[in-house]
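Right, one structure below, let's go through it.
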Amino acid sequence: MQRISIDPITRLEGHGKIEIFLNEDGDVANTYFQIPELRGFERFCVGRPIEEMALLTNRICGVCPEAHHMAAAKAADAVYKVEPPPTGKKLRELLYSGFYFTDHTTHFYALGGPDFVMGPDAPVAERNILGVIHKVGLEIGGKVIQARKYGHTIVEMIGGRKVHPCTSIPGGLTKGITEDQRAEIEQMGRWGIEFAQFSLQLFNDIVLANKSYLDLILGDIYTHQTYSIGLVDENNKVNFYDGKVSVVAPDGERIGKYAPAEYTEWIAEHVEPWTYLKFPYLKKVGWKGFVDGKDSGVYFATPLSRLNAADGMATPLAQEQYEKFYSTLGGKPVHQRLAIHWARLIELLYAAERIVELATDPEITSPKFHTVPTEKPTEGVGIVEAPRGTLTHHYKTDERGIVTEANLIVGTTNNYAPITMSIKKAASSLIKKGTVNEGLLNMVEMAFRAYDPCFGCATHSLPGQMPLEITIRDAKGNSVEVVKQYC
Amino acid sequence: MNTGPINIVEGDQVRNENFLPGLHQPPSIIIIGLGNPILGDDGFGWEVARQLESQYPGMSNVFEIECASLGGLSLMERLIGHKIAILIDIVHLGQNPLGTLYCLPMEQLPDYSVGHTASSHDTTLRTAIQVGRSLGASLPDTIWVVGVETTNTYDFSEELSPPVAAAVPCAAQCILDLLNQFCIPAFKGE
């Protein structure tokens with residue numbers, strides 16, 4: 001049996017790798033995607049006040065601290081059984097929309113976009129954000145930086161700090177915003193709408209107008225028929241901050257919606273002996289292995305799954321794009337995983353529109369941004385949509401509000417099973433009779449890049465451009481070929 | 001666990017008198033302690049920055065010093081407007097024992113281990129710097145990395161391992177030596 005290892009070379013060498021085992025015919029028998037787990041977070045939380053979780057958990061990683069801040073804050077609301085006033089909720093959602101705007105922009109232009117803007121076959125030295133800027137022009141590169149700055153500014157205005165917000169407390173926020181700040185946020189949001197529309201046009205011109213790219217998106221290699229999940233509001237429209245988690249089957253049937261406190265009735269975790277991490281799956285459907293279909297409890301949680309799990313977008317321009325998306329790709333739900341990139345841009349537009357909606361809400365500058373908790377703390381669950389998947393925080397406390405138990409299901413963990421399946425499918429289509437296609441490295445990378453995996457929650461770090469090393473071993477375990485890709 | 005003498009690897013240019021020719025005025029310098037303060041040895045950068053701040057409270061008049069959990073584009077954006085940057089972080093080169101201190105220009109480190117390249121969906125700092133420069137951002141001409149060798153960053157903890165903790169004062173001294181090289185009057189007794 002041949003064995004192929006793909007090792008992301010990190011400063012934590014020896015961890016985080018893809019192993020591909022070939023059968024005696026030289027075809028792919030199985031793939032194992034192993035990522036190391038940060039240890040001891042639950043123990044670290046125990047004994048600390050619940051109010052501290054929103055500050056502590058946003059230190060889990062530097063990638064989506066705002067998402068952890070919000071999930072922990074909502075869990076703390078639930079622990080104290082306190083409802084933030086409308087202004088408190090709206091300010092949190094406004095902050096969160098600013099975060100989404102920055103995060104989705106970064107992913108499209110810095111990571112996902114290069115595959116399409118530069119092309120999957122472009123030299124690795126060009127297949128990065130520098131290549132994108134070179135191709136689309138410096139002016140657009142400047143807009144990307146401007147978009148990030150605006151998102152960061154909104155987070156700082158409401159969250160008190162850039163990147164790591166600190167103002168959410170049980171019952172709402174510690175501060176509101178002034179009229180001047182509101183006006184500035186509105187202006188940034190309006191600019192953001194134009195930028196998001198421009199980004200969608202760019203995707204349209206460069207990707208959708210190119211038949212080979214469209215074929216790649218629609219091809220079987222990146223397609224999986226799994227369940228889709230995502231937060232929706234009371235009208236079943238996509239919402240990043242609040243609502244219930246909608247669960248939609250591969251055939252499009254909504255099998256239900258669950259409130260945060262009900263998550264343990266819906267989500268269970270499967271254990272495999274070859275990895276530290278657990279594989280979440282739909283409890284009501286059951287774990288049937290790494291397989292597609294309505295009988296398999298595997299689900300995914302990404303921008304695409306959020307669109308699949310909802311009935312539409314709550315803002316008009318994003319709704320137009322939503323309709324175009326499904327009419328172009330042949331109706332709901334869409335299972336082609338590379339379409340996640342397109343779905344992400346539709347969410348970018350929604351985030352910008354939502355910034356304007358919230359910034360022009362008459363209540364947004366109200367001083368009533370906090371409800372004082374009066375109940376004894378007990379237990380609570382908070383769920384938000386992190387850009388890369390549904391994020392669940394669950395805490396139990398004693399009567400003083402000191403944490404006694406903590407459980408987190410982070411965005412990327414949701415996608416561990418489908419990412420594993422996507423890698424296997426990509427590898428299987430590229431390795432035939434022991435011959436490793438030269439495109440393997442990037443094609444495998446593309447398989448999991450679409451999910452925007454953030455191992456920051458599950459691992460410590462990976463380098464920005466995912467350098468990979470493939471070692472092909474013969475039946476005796478001898479290395480016969482090593483392919484390296486250092487970016 | 002190694003608690004012996006601290007190894008210090010310094011870049012050749014540290015002692016080169018031609019380094020930064022013509023730099024007579026106090027430059028705009030930023031010192032950033034990078035890392036995650038609740039992930040064991042990853043809190044190294046923060047601890048060094050804190051020690052510098054507490055030992056030399058007047059330093060903020062001379063340059064900026066802060067702690068951050070940033071990487072890639074976000075870190076690049078934070079460096080805009082400064083002429084010199086000193087980044088304090090952990091490094092894993094695997095060539096020297098745990099606790100070994102490195103004091104190197106960024107270019108001397110492999111791209112994948114520089115700074116806090118936190119995730120698979122951002123870019124490396126070096127690429128981010130290229131992006132920033134290509135867009136006309138005013139970024140430091142000189143970026144130094146003061147890093148400590150470790151792999152103890154998988155367990156949530158606010159404690160540094162003994163060899164890494166032992167390297168903290170040495171790292172602070174390395175930074176003071178660098179500042180002297182950069183002709184900062186406050187650190188030349190002027």
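Naming convention: chains lettered A, B, ... in sequence-line order (proteins, then strands); numbering from 1 in each chain.
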* **Segment of B/Gln130 engaging chain A (4.5 angstrom heavy-atom cut-off)** =>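 Contact with chain A involves both backbone and side-chain atoms of B/Gln130.
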Would you check if A/His134 and B/Ser134 make a side-chain contact, meaning some heavy-atom pair closer than 4.5 Å?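 No - every pair of side-chain heavy atoms lies 4.5 Å or more apart.
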- Item | Side-chain heavy-atom pair A/Lys143, B/Leu135 within 4.5 angstrom cut-off |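 Result no, sub-4.5 Å side-chain heavy-atom pair not found.
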Exercise for the section: Apply salt bridge (Lys or Arg N to Asp or Glu O under 4.0 Å) to the pair B/Glu77 and A/Arg148, showing each step before the final yes or no. Expected result: CA-CA 9 Å; B/Glu77 288 160 354; A/Arg148 287 173 51 82; 2.5 Å; yes
Please name the pair of heavy atoms, one in B/Ile38 and one in A/Leu56, separated by the smallest distance, quoted to 0.1 Å.
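Here B/Ile38 and A/Leu56 meet closest at CD1-O, 3.7 Å.
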Once ring-ring contact (aromatic ring centres under 6.0 Å, His included) is applied, do any residues pair with A/His104, and if so which ones, sequence neighbours excluded?
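Scan of A/His104 (ring-ring contact (aromatic ring centres under 6.0 Å, His included), adjacent residues dropped) gives A/Tyr100.
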Counting only non-hydrogen atoms closer than 4.5 Å, does A/Leu138 touch chain B with its backbone (N, CA, C, O), its side chain (CB onward), both, or neither?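 Looking at A/Leu138, backbone and side chain both touch chain B.
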Task: Rounded distance [0.5 Å steps], OG1 in A/Thr102 versus CG in B/Leu73 - done: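 Here the rounded value is 11.0 Å.
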| Less than 4.0 Å between a side-chain N and a carboxylate O, is that true for A/Arg161 and B/Glu66? |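 Salt bridge: no.
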Residue A/Lys135 excluded, over 12 heavy atoms near NZ under 6.0 Å:
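Atom NZ in A/Lys135 is crowded, with more than 12 foreign heavy atoms closer than 6.0 Å.
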Legend entry - All side-chain contact (heavy atoms from CB on, under 4.5 Å) counterparts of B/Gln173, not counting sequence neighbours: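 So B/Gln173 forms a side-chain contact (heavy atoms from CB on, under 4.5 Å) with B/Leu176, B/Asp177.
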